[in-house]
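Below is one structure, written out as C-alpha cells; comments come after it.
Numbered from 1 within each chain, the chains take letters A, B, ... in sequence-line order.
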2 protein chains.
Amino acid sequence: MLKYELIEQDIQRKIEEGIYKPNDQLPMEREMCEEYGVSKITVKRAMDALVSKGLILKRRGSGSFVQDIDIRDGRGAFGSVSGEVGGFTVDMESTGRQISSIVHLFEVVIPPEKVVEQLKISADTFTYHILRTRCLDGVPAATEETWMPIDVIPGLKLEHLQGSIYSFIRDELGHKVHSAHRTLRARMPDAQVQSFLKLENSVPVFEVEQICFLDDRRIFEYSVTEHPGDKYEFFTVSFNRNV
Amino acid sequence: MLKYELIEQDIQRKIEEGIYKPNDQLPMEREMCEEYGVSKITVKRAMDALVSKGLILKRRGSGSFVQDIDIRDGRGAFGSVSGEVGGFTVDMESTGRQISSIVHLFEVVIPPEKVVEQLKISADTFTYHILRTRCLDGVPAATEETWMPIDVIPGLKLEHLQGSIYSFIRDELGHKVHSAHRTLRARMPDAQVQSFLKLENSVPVFEVEQICFLDDRRIFEYSVTEHPGDKYEFFTVSFNRNV
DNA sequence: AAGTGGTCTAGACCACTTC
DNA sequence: AAGTGGTCTAGACCACTTC
C-alpha cells in the first residue's frame, strides 16, 4: 500500500467515525506532514483523492473542510459507476450483495462492422460474443453485451462467464486491465433487454458503452451494458480549473 | 497560465495536428523535462491530464502512447457533461453553437423540503425558483429547474436568466464557483419536460442533479437538468488503481 | 541490464483568505 | 501580517517492461 493511500484511508476513517465532523476544518496540510511523517505533496495527494470522492472541500488560503453531505448514502439504488475499472463485479462488490450471472449467449463470430471499428481489429477477426444478465441478490441489475477478440483473450470458457471475466483475465491470463473509455447515455431498452431486466413499460435504461484496454495497450473488450434506469445512478465531482 | 497547462496544451496540439500520430510513442518524460525546461513532476501532471481526456495512454516501464481513438468526435450529439463546473453555458460553449434561453418561471418561494435539505438551509429561507429551457441554435437541449437562496445570490434579475447565471455570479457578485456534486440518471420526462424539450413519446431524458458550491464553501444552487436522451452523452476515462 | 513511468522528499516561492 | 493550499524544483529510489 502506498503512503498516500494509507493517509487517504486514515482520514476517510476519521470522517466516517465522526472524529472529523461535517463542516469541521481539517488540520492543515503542513501539520499532517508531521503527523504522518511524509512530505507535503504526499498529503496533498491523499487530500485530493478525498476531494474527488466528495468527502472534503479545499480552499486555498483558508483550509480544508469536511463536506456536509449525505448524498453518498445510496438511497436504495443498486450503486453507481465508479471511477475504477473492473467491470460489473468490482462496481458492485462493495455493496456486499450476492452477484450471479445468467448467460444467454456465448458464441464465436465475425463481429458486425461497428464492433470491428471499436476493437480496432481487421474485419475477419473472430471474437467472442457474449450476452449476460447480471443479478444482485437474484434481482437483474444489468445486461451486458460483450465482444472480445479470441486471440487477445484465449481460452475463455462458459464457466468463466458465470463469475467475473476480469478475474479470468487477471488470474489465468496474467494480464491487468489498464483503463476504459466509457460513454454514458439514457435510452429505451429494446424488447430483449426489457425482458432480461424485467422492466416495466416506460422504464428507460442507463447505458454504459465501454472500450477496455489491457496493460499492454491492446483493446480486449467492447461492451454495452444496460442498467435499470430506476435503480442506477452515477456520481461525480466537478471542479473549476482556475481554483 | 500554469506551466503544466502550457505543456498539456502543447502536447495536445501536437496530437491534433498529427505531429504525434495514433499509436506513436511520445518522447519520454525525462526528455520532455529538458525540452520544456521543467521538472519531472510538472511533465507528469500535464501527461496525466491528457490521459484523463483519453488522448494518451501511459505504461510504466514502457512509455506513453497516443490513443487510436475517434470516439471523441461527437457523432452529432449535443455534447457531453464535462469535468468542469460552469453550468450549461460552459458545457456547450465549446461546441460553437448559439445558446439561447426560454424562461418559463422565475419566482421567489419557500422551497419544498427536499430542496431545503439539499441546500442545507433553514426551512423558512426564501429561494429563487427558476425553470428554463436552454437551446442550441434554437433547438431545445436542456431544461433546468434551479433553486438558489436569495441571500447567497442577491440581486438576480430576469435579464440574467436570458444568459448565464454563472456569469452574473462571477462578474457582478465577484464570486467563483468552486465545485459541484453531480448525480446522473436515466429517466422518463414528465409531460412538462417532454413538451419543453419537444420530445417524441418514449424518448427518455439524461438527468443531471447537482449541488454547487461557491468558493467560500456556501451552497448556492440545487438544480436538476434534463437533456434529451437521444442527443446527449457523457464521456469518462476510468483506471485501475493499482497501475 | 537498460528503458521508462511512479512515488516520494525537503523545501522554495506563490496565490488567495482572513484579520 | 499571518494562515493556508498550490505550483514547482532537483533529484533519490522504486516498479515494471523489454531485451
Practice task
Would you sort out whether B:Y36 and B:D10 count as a side-chain contact (heavy atoms from CB on, under 4.5 Å), showing the intermediate values?
Solution key: CA-CA 10 Å; B:Y36 293 107; B:D10 191 59; 2.6 Å; yes

Practice task
List the steps, then state whether side-chain hydrogen bond (donor to acceptor under 3.5 Å, both in side chains) holds for A:R182 with B:S238.
Solution key: CA-CA 7 Å; A:R182 290 175 171 163; B:S238 308; 3.3 Å; yes

Handout entry: Residues B:V115, B:H129; criterion side-chain contact (heavy atoms from CB on, under 4.5 Å); working and verdict
Key = CA-CA 10 Å; B:V115 175; B:H129 178 212; over 6 Å; no

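A donor-acceptor distance shorter than 3.5 angstrom exists from the side chain of B:Y128 to the backbone of B:L156, with no hydrogens or angles considered.
At the heavy-atom level, A:K40 lies under 4.0 Å from base atoms of the strands shown. Contact annotation for B:L2: backbone-only contact, meaning every heavy-atom pair under 4.0 Å involves sugar-phosphate atoms and none involves a base. Using a 4.0 Å heavy-atom distance criterion, B:R45 is classed as a sugar-phosphate-only contact.
Checked by atom type, the side-chain pair B:Q12/B:E16 shows a donor-acceptor distance below 3.5 Å.
Considering only the side chain of B:R60, D:dA15 comes nearest among D:dA15, C:dT7, C:dC8. Among the nucleotides D:dG6, D:dT18, D:dT9, the one closest to the side chain of B:R59 is D:dT18. Of all nucleotides listed (D:dC16, D:dG5, D:dT18), D:dG5 comes nearest to the side chain of A:S64. With C:dC8, D:dC8, D:dT17 as the choices, the nucleotide that has an atom nearest any side-chain atom of B:S62 turns out to be D:dT17.
With DNA chain D read from its 5' end, the first of the two nearest nucleotides for B:V43 and B:R30 is the one closest to B:V43. Remark on DNA chain C: of its neighbouring residues B:D216 and A:V38, the 5'-side contact belongs to A:V38, judged by nearest-heavy-atom nucleotide. Ranked by how close their nearest DNA chain D nucleotide is to the 5' end, A:G61 and A:D48 are led by A:G61.
D:dA15 atom P lies 14 Å from atom CD of A:E5, rounded to whole Å. Rounded to an integer number of Å, the gap from A:H178 NE2 to D:dT17 P is 10 Å. Straight-line distance from the CD1 atom of B:I56 to the P atom of C:dT4: 15 Å, rounded to whole Å. Rounded to whole Å, atom P of D:dT4 lies 17 Å from atom NZ of A:K44. Here D:dA10 presents its C1' atom at 12 Å from NZ of B:K3, a figure rounded to the nearest Å. Between the CE atom of B:M28 and the P atom of D:dA15 there is a distance of 20 Å, given to the nearest Å. With rounding to whole Å, B:I41 atom CD1 is found 17 Å from C:dA12 atom P. In this structure, B:L50 atom CG and C:dG5 atom P are separated by 13 Å, rounded to whole Å.
Nucleotide C:dC13 is matched to D:dG6 when pairs are restricted to Watson-Crick or G-U wobble geometry with both distances under 3.5 angstrom. Both distances falling under 3.5 Å, in either a Watson-Crick or a G-U wobble arrangement, place D:dT18 opposite C:dA1.
In this structure the side chain of B:D68 reaches within 4.5 angstrom of the side chain of A:K120, judged on heavy atoms.
Contact annotation: A:S39 side-chain N/O to C:dT9 OP1/OP2 distance is under 4.0 Å.
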